[in-house]
Amino acid sequence: MSAPLIDPFQRAIRYLRVSVTDRCDFRCVYCMSEEMTFLPKKELLSLEELDRMCSAFIRLGVEKLRITGGEPLVRRDIMTFFRGMRRHLDSGALKELTLTTNGSQLSRFAAELYDCGVRRVNVSLDTLDGAKFAKITRWGRLHQVIDGIEAAKAAGLKVKINAVALKGVNDSELFDLVDWAGAEGHDMTFIEVMPMGDIGNEDRLDQYWPLTDLRAQLATRYTLTDLAERSGGPARYVRIEQTGQKIGFITPLSHNFCESCNRVRITCTGEIYTCLGQEGHSDLRGPLRAADDDAALETAIRAAIGLKPKGHDFDYSRQIVGGKMSRHMSHTGG
Ligand code: SAM
Ligand code: SF4
């Protein structure tokens, strides 16, 4: 293995999130506008290029790989990529291969994912109410996702539910969601809505439901115990004593996790973002395509990691919404 990736603040980079497509079969109101223009195919990294890119990072010390999008499971032949990554799990270099999905295609792919070495999936689900679900996702149907989650469980995949906390939308359902997840054996993570991308007229300040409030509401019904466990990312965890269930809170607008940040993101066009909350990025597709060997790519990766900022810069208090970050979550993959 080559020398590991260490950023200027002495953080070792162990976690890579890769967006494999900007496309999606849903149009969630907080993520996309209804009329999205997607990238031309030639802009995207091919499946072979994705393999080379991820393999280079693994060689440089990445141990955890999360595949995302857009919706990763709508990328054509994406299973070829997952199958390829299995060799890194088998060699022990890669400790975990996971994905974040809207669940719509899990009925089709859950068993194959398991076969490729995936053991855990994050499924995004904000509500258990069919009408609300259709409204949030615009194009999705709740039963697709519920069926997908069932299939994942049946295939032996551990499912974690990700829900975006939306004031006036799923706040009234908090206990229903947590109780359902608990009964099904799924951990849950709540995410604060982030100011990403231009998504039309939605007013995200209106939807903003601080997780401190959500947590306080949970504490009216359950005994919550803080867990020391940190993922190196923006999540903090509690255990619900009554059920043993683990609940995560992702508050990306706070700076409290930057010092332990061990992750970087690659977009589906091969740009590397070393901080979710900053625009700074570097191109890795050029160096990847420039040669058949990975020397230029490795140099470009090291240069990009050398620019990883100390922390990020979101701020709702400045009242800037809907495009504080000009890119969409579907671009960097959340
Ligand atoms: N399509 C997959 C899915 O929905 O899980 C993967 C990509 S999606 C961009 C990753 C995560 O980002 C999802 O859990 C989604 O709910 C979340 N997300 C999207 N836009 C967001 C926003 N503006 N604020 C907070 N979370 C957001
Ligand atoms: Fe698609 Fe995921 Fe964005 Fe929803 S959050 S539109 S499912 S990429």
Side-chain angles (χ1 to χ4, degrees), residues 17-36 38-39 66-75 78 98-106 109 120-127 133-142 144-145 148-149 152 159-167 169-170 177 186-200 202-211 214 233-235 248-254 263 265-268 273 276-277 312 314 316 320-334:
R17 296 171 82 107
V18 181
S19 172
V20 295
T21 178
D22 60 334
R23 288 165 201 256
C24 188
D25 52 347
F26 291 0
R27 289 288 181 281
C28 302
V29 291
Y30 44 71
C31 179
M32 294 192 180
S33 62
E34 193 145 20
E35 304 295 327
M36 290 289 289
F38 293 110
L39 293 162
R66 177 174 295 279
I67 306 306
T68 175
E71 174 45 43
L73 297 181
V74 301
R75 170 94 195 238
I78 192 62
T98 54
L99 69 153
T100 301
T101 172
N102 65 24
S104 68
Q105 310 298 314
L106 273 179
F109 291 124
R120 298 197 305 147
V121 288
N122 285 5
V123 181
S124 302
L125 178 63
D126 305 331
T127 175
F133 185 87
K135 215 166 155 194
I136 295 171
T137 62
R138 294 201 188 97
W139 294 6
R141 295 295 167 260
L142 180 62
Q144 286 176 279
V145 177
I149 292 171
V159 174
K160 191 175 84 179
I161 304 295
N162 280 349
V164 177
L166 299 164
K167 194 164 81 184
V169 182
N170 59 6
L177 273 166
H186 310 314
D187 288 332
M188 264 200 95
T189 293
F190 291 96
I191 312 173
E192 249 171 28
V193 72
M194 280 188 271
M196 289 272 190
D198 179 8
I199 46 142
E202 308 302 329
D203 184 354
R204 257 173 291 201
L205 260 189
D206 261 11
Q207 297 175 345
Y208 180 57
W209 181 20
L211 294 189
L214 187 154
F249 302 100
I250 299 190
T251 48
L253 305 183
S254 69
R263 56 190 60 193
R265 295 171 164 76
I266 306 273
T267 68
C268 54
Y273 283 81
L276 180 60
H312 65 216
F314 283 119
Y316 271 107
I320 301 167
V321 283
K324 165 75 177 142
M325 300 295 301
S326 62
R327 63 189 199 261
H328 288 92
M329 284 288 270
S330 52
H331 187 58
T332 41

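Each ligand, and each atom within it, is numbered from 1 in the order the structure gives.
Ring geometry, F133 versus F26: the interplanar angle exceeds 60°, so the pair is classed perpendicular (tilted spans 30 to 60°).
Between the side chain of D187 and the main chain of K160, no donor-acceptor pair closer than 3.5 Å is present. Using modelled atom types, no side-chain atom of N162 and backbone atom of N122 make a donor-acceptor pair closer than 3.5 Å. In this structure, R75 contributes its side chain and G69 its backbone to no donor-acceptor pair below 3.5 Å. Between the R23 side chain and the L39 main chain, a donor and an acceptor come within less than 3.5 Å of each other. Here the side chain of R66 pairs a donor or acceptor atom with the backbone of L99 at under 3.5 angstrom.
Taking only nitrogen or oxygen atoms, main chain and side chain alike, Y30 reaches within less than 3.5 Å of ligand 1. The shortest N/O to N/O separation between V193 and ligand 1 does not fall below 3.5 Å. For ligand 1, the polar-atom distance check finds no N/O of D126 at less than 3.5 Å from any of the ligand's N/O atoms.
When each atom of ligand 2 is checked for a heavy atom of C28 under 4.0 Å away, the hits are 4 (Fe), 5 (S), 6 (S), 7 (S). For ligand 1, the atoms sitting less than 4.0 Å from at least one non-hydrogen atom of T68 are 6 (C), 7 (C), numbered in the order shown with element in parentheses. Atom numbering of ligand 1 starts at 1 in the shown order; those under 4.0 Å from a heavy atom of V164 are 16 (O), 26 (N). Of all atoms in ligand 1, listed by their number and element, those nearer than 4.0 Å to a heavy atom of T101 are 2 (C), 3 (C), 5 (O).
Nearest-residue assignment for atom 14 (O) of ligand 1 (options S124, G103, G140; heavy-atom criterion): S124. Scanning R23, E192, M32, E71 for the heavy atom closest to atom 2 (C) of ligand 1 points to E71.
Remark: the D25 side chain and the Q105 side chain contain an N/O donor-acceptor pair separated by less than 3.5 Å. Residues T101 and E71 have side chains that bring a donor and an acceptor to within less than 3.5 angstrom of each other.
Looking at T100 against ligand 1, both its backbone and its side chain come within 4.0 Å, counting heavy atoms.
Side chains of W139 and E34 form a contact here, defined as non-hydrogen atoms less than 4.5 Å apart.
Between G69 and ligand 2 there is no heavy-atom distance shorter than 4.0 Å. The closest approach between a heavy atom of G70 and any atom of ligand 1 is below 4.0 Å.
Metal site remark for atom 1 (Fe) of ligand 2: C31 contributes no N, O or S atom at a distance under 2.8 Å.
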